[in-house]
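Start at 1 and go down the list; that is how both ligands and their atoms are numbered. Hydrogens, waters and symmetry mates are skipped; everything else that's a heavy atom, side chains included, is used.
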Amino acid sequence: MKLKIAIQKSGRLHDDSMKLLNDCGLNVKNGHNQLKSMSENFPVEVYFLRDDDIPQYVEDGVAHIGFVGENVLYEKNKTVDIVEKVGFGKCRLSIAVGKNDEYTGPQFLQGKKIATSYPFLTQQFLKENGVDCEIHEISGSVELAPGIGLADAVCDLVSSGSTLFMNGLKEVQPILQSQAVLIKGKELPAEQQQLLDQLVFRIRAVRKAKRYKYVLLNAPEQSLQTIVSLLPGMRSPTVLPLAESGWSSVHSVIEEDAFWDKIEQLKAAGAEGILVVPIEKMIM
Ligand code: ATP
Ligand code: ZN
């Protein structure tokens, strides 16, 4: 009785998927030359696959769950459920045209040719915008297509845009924002569902912890109230007396987004010896 997990064999999602599983306490050995691997301390079997195949494997129940980009998931259009967005593998699927072209909107593509590895999503976009444009499907190096006269535009994944730029193209229209998601089959057996619930609980604890820092600081008596009021903490900050009278040690948890602002305010209020520590897991 095992939970079978599909992850990308090698590529942009492999390392982050492995790291997340390991951060969740599943000791999974790296499988560069293997098809599958096990964990010694959690009943899982990990399958290493091409990302494009993962939605199908999960739909068929060969794997119970899998990590895959939303771009691939929506392109393949399989009947699986998204359990959780996992925050890595962020990119967007965008339309790009020649850097000297004047793109005025989807109508620019009318009567033209577009190259892509995402024919389904591209077609959907064209249809929604009432544009008639020929799709030329290619499996890789899509950005080369306009340069060799194969297409007038491309629809491809972009993160920084530098690959497009190097090929004389510019991004003009994002059609999908994507990140990696954890997917599951429609009908998971009860035992596997239970294991998945445990894993998701851990994933949330790990991801939540990454957004917060543990902060320790020394506060003089006269500004203790101000400092405490600046700090949220899980329930409220911890205040401990220091050996030196007139001073306390204050411990709290601060969200990354608010972090630098808070530190400035704490310093201004008289806080000293501020230590900031990463949190590994956070269970509320
Ligand atoms: P495979 O051999 O598994 O088919 P691949 O070449 O299709 O690999 P990668 O380039 O490793 O795939 O990308 C895997 C996923 O990583 C993409 O589908 C996407 O979800 C995500 N990703 C994140 N940033 C980018 C980017 N800048 N370019 C391409 N993919 C990205
Ligand atoms: Zn792929």
Review point. Under 3.5 Å, N or O to N or O, is Ser178 touching ligand 1 that way?
Key: no
**Study point:** Protein heavy-atom partner closest to atom 7 (O) of ligand 1 - residue, atom, separation in Å
**Key:** Asp51 OD1, 3.3 Å
Review point. Within 4.0 Å of atom 11 (O) of ligand 1 (strictly less), any protein heavy atom?
Key: yes
Check your understanding: Among protein heavy atoms, which lies nearest atom 27 (N) of ligand 1, and at what distance?
Key -> Ser159 OG, 2.7 Å
**Study point:** Separation of Leu199 CG from Arg204 CZ (nearest 0.5 Å)
**Key:** 10.5 Å
**Study point:** Value rounded to 0.5 Å, distance of CD in Glu191 from CG in Leu3
**Key:** 11.0 Å
**Study point:** Side-chain ion pair, Arg92 and Glu171, N-O less than 4.0 Å
**Key:** yes
Exercise for review: Looking only at protein heavy atoms, identify the closest one to atom 2 (O) of ligand 1 and say how far it is in Å.
Suggested key: Arg50 NE, 3.6 Å
Check your understanding: For ligand 1, is there an N or O atom under 3.5 Å from any N or O atom of Tyr118?
Key -> no
Check your understanding: Can Lys210 be said to sit on top of Tyr212's aromatic six-ring, NZ or CZ under 6.0 Å from centre and within 45° of the ring axis?
Key -> no
Exercise for review: Could I get the full list of salt bridge (Lys or Arg N to Asp or Glu O under 4.0 Å) partners for Arg202, not counting sequence neighbours?
Suggested key: none
Point to revise | Approximate separation, where rounding is to 0.5 Å, of Ile5 CD1 and Ile54 CD1 | key: 11.0 Å
Study note, to complete from the structure: Here the atoms of ligand 1 under 4.0 Å from any heavy atom belonging to Val72 are 18 (O)
Check your understanding: If you count the atoms of ligand 1 from 1 in the order shown, which ones are under 4.0 Å from a heavy atom of Asp52?
Key -> 4 (O), 7 (O)
Exercise for review: Within a distance under 4.0 Å of any heavy atom of Gly11, pick out the atoms of ligand 1 and give their elements.
Suggested key: 11 (O)
Point to revise | Basic-acidic side-chain contact under 4.0 Å: Asp23, Lys19 | key: yes
Check your understanding: Taking atom types as modelled, is there a side-chain donor on Asp60 or Gln56 under 3.5 Å from an acceptor on the other?
Key -> yes
Review point. Can you tell me the protein heavy atom closest to atom 20 (O) of ligand 1 and the distance?
Key: Asn71 OD1, 2.7 Å
Point to revise | Per-atom contacts, ligand 1 versus Cys91 - under 4.0 Å to a heavy atom | key: 19 (C), 22 (N), 23 (C), 24 (N), 25 (C), 31 (C)
Point to revise | Passing candidate, side-chain contact (heavy atoms from CB on, under 4.5 Å) with Val72, options Asp51, Leu157, Asp53 | key: Asp51
Point to revise | Numbering as shown, the atoms of ligand 1 that approach Gly69 to under 4.0 Å (heavy-atom distance) | key: 20 (O)
Review point. Which protein non-hydrogen atom lies closest to atom 30 (N) of ligand 1, naming both residue and atom, and how far is it?
Key: Leu157 CD1, 3.2 Å
Study note, to complete from the structure: Check: of Arg92, Lys90, Gln8, His14, min heavy-atom distance to atom 5 (P) of ligand 1 comes from Gln8
Review point. Salt bridge or not for Arg211 and Glu256, using N-O below 4.0 Å?
Key: no
**Study point:** Backbone of Val181 reached by a side-chain donor or acceptor of Glu70 within 3.5 Å
**Key:** no
Point to revise | Pairs meeting criterion side chain to side chain donor-acceptor pair (under 3.5 Å) with involvement of residues 269-284, two or more places apart | key: none
Review point. Distance from Ile65 atom CD1 to Gln193 atom CD, nearest 0.5 Å?
Key: 10.0 Å
Exercise for review: Tell me how many protein N, O or S atoms are closer than 2.8 Å to the Zn ion (ligand 2).
Suggested key: 2
Practice item. Check each atom of ligand 1 against the heavy atoms of Leu13 and keep those under 4.0 Å away; list them by number with element. Key: 15 (C), 16 (O)
Study note, to complete from the structure: Tracing side-chain contacts under 4.5 Å among Ile, Leu, Val, Met, Phe, Trp and Tyr outward from Leu240 reaches none
**Study point:** Minimum-distance protein heavy atom relative to atom 31 (C) of ligand 1
**Key:** Arg12 CD, 3.3 Å
